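Accompanying notes for the structure given below.
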Amino acid sequence: MKRINTGIEGIDEFTNGFPEGRTLLITGDAGSGKTILGLQFAYTCCLQNLKTAYITTEEDAEDLYIQSEAFNWDIKDCTDKGMLKFVELAKIRAEVTEAEVKIEIDSMKGNFAKLLEIIPEDTEALIIDNIGSYTAKLTPYDFRSRLDLLVYELKKRNITALIILDSATSYEFNEIALYSVYGAIKLMKRENPYTGRRERVMDVVKMRSTKTPTQFLTYEIGPTGIEINSAINLK
Ligand SMILES: Nc1ncnc2c1ncn2[C@@H]1O[C@H](COP(=O)(O)OP(=O)(O)OP(=O)(O)O)[C@@H](O)[C@H]1O
Ligand SMILES: [Mg+2]
């Protein structure tokens, strides 16, 4: 299976990159670094010459450019070269008429596979940040089956995807989203029992056909984005 670098060094080390055409789910608390991880993945995909689309439901592209600058990721160059395209659903939701992509938002509600209609035909890598914005009033059963359908369609189009889901919505559906996807990573903060300090940790919940660490990996948001500090022990 061809693998795509995620841009997170520690993860690329033990996975050799994420399998092409598969979906990775990122869940996490507010401020845990989901968007930064999404941008890091988008940028890394562009560096690998993959046509990348970033669907943003909460922030507009301008904020994402600003965030990327903090890490010296030249996202603007990627969009200028046509490697990266932002689809700004937040803007559309705010009823900005000059929105780049015009879609009927109500028809989108919960109908995740429709998201694929608004990205370029030739998309090879996709980030959806945050799919939790489109789950209103869904039953857990509907949520699961619609997410399954999206993952299936992505695989059919051979799109390597990173789907972000806020942990509030993930818990609302009893974390069933974790079952639909090929790989899943949870981002959280916890208190270190030894130091008493709070730290950022990630749990690599699963990654099919890949040996994954069972311990929490501590990470920081540093000058190069998400940086894993833990030594990774796969024994
Ligand atoms: N340049 C930076 N250097 C270090 N840390 C940063 C930097 N920029 C942002 N952060 C930290 O990252 C956090 C936000 O990360 P991010 O926006 O990726 O979180 P998120 O999980 O997407 O949050 P939300 O649930 O609100 O969408 C900030 O709250 C801040 O603590
Ligand atoms: Mg975010």
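Note that this is a predicted model, so its numbers are computed, not measured. The first residue in the sequence is number 1, and the count goes up from there. Counting convention: from 1, in listed order, for ligands and their atoms alike.
Under a 4.0 Å heavy-atom criterion, Ser32 is in contact with ligand 1. Proximity of Glu59 to ligand 1 is not established, as no heavy-atom distance is less than 4.0 Å. At a 4.0 Å cut-off, at least one heavy atom of Asp29 sits close enough to ligand 1 to count as contact.
Aromatic ring centres of Tyr65 and Phe86: separated by under 6.0 Å.
Backbone and side-chain nitrogen or oxygen atoms of Ile36 are examined, and one is located within less than 3.5 angstrom of a nitrogen or oxygen of ligand 1. The N/O atoms of Gly31, backbone and side chain alike, include one that comes under 3.5 Å of an N/O atom in ligand 1. Between Gly33 and ligand 1, an N or O atom pair is found at a separation short of 3.5 Å. The N/O atoms of Arg200, backbone and side chain alike, include one that comes under 3.5 Å of an N/O atom in ligand 1.
Summary of contacts: the protein heavy atom closest to atom 17 (O) of ligand 1 is Thr35 CB, 3.9 Å. Scanning all protein heavy atoms for the shortest distance to atom 5 (N) of ligand 1 gives Ile221 CG2, 3.3 Å. Regarding atom 1 (N) of ligand 1, its nearest protein heavy-atom neighbour is Ala70 CB, 3.4 Å.
Between Phe173 and Phe143, the angle of the ring planes stays under 30°, which puts this pair in the parallel group of the 30/60° scheme.
Under 4.0 Å is where a charged nitrogen must lie from a carboxylate oxygen, and between Lys76 and Glu69 no such pair does. Using a 4.0 Å cut-off between a side-chain N of Lys or Arg and a carboxylate O of Asp or Glu, Arg190 and Glu199 qualify as a salt bridge.
Of all atoms in ligand 1, listed by their number and element, those nearer than 4.0 Å to a heavy atom of Lys34 are 18 (O), 19 (O), 20 (P), 21 (O), 22 (O), 23 (O), 24 (P), 25 (O).
For Glu172, the CD atom is densely surrounded, since the number of other residues' heavy atoms within 6.0 Å is greater than 12. Within 6.0 Å of NZ on Lys155 lie no more than 12 heavy atoms contributed by other residues, nucleotides or ligands.
For atom 9 (C) of ligand 1, the nearest protein heavy atom is under 4.0 Å away.
For the pair Ile185/Leu25, no side-chain contact is recorded, criterion being any heavy-atom separation below 4.5 Å from C-beta on. Counting only heavy atoms from C-beta outward, the side chains of Tyr219 and Ile8 never approach each other to under 4.5 Å.
Taking backbone and side-chain atoms together, Asn130 has no N/O/S atom less than 2.8 Å away from the Mg ion (ligand 2).
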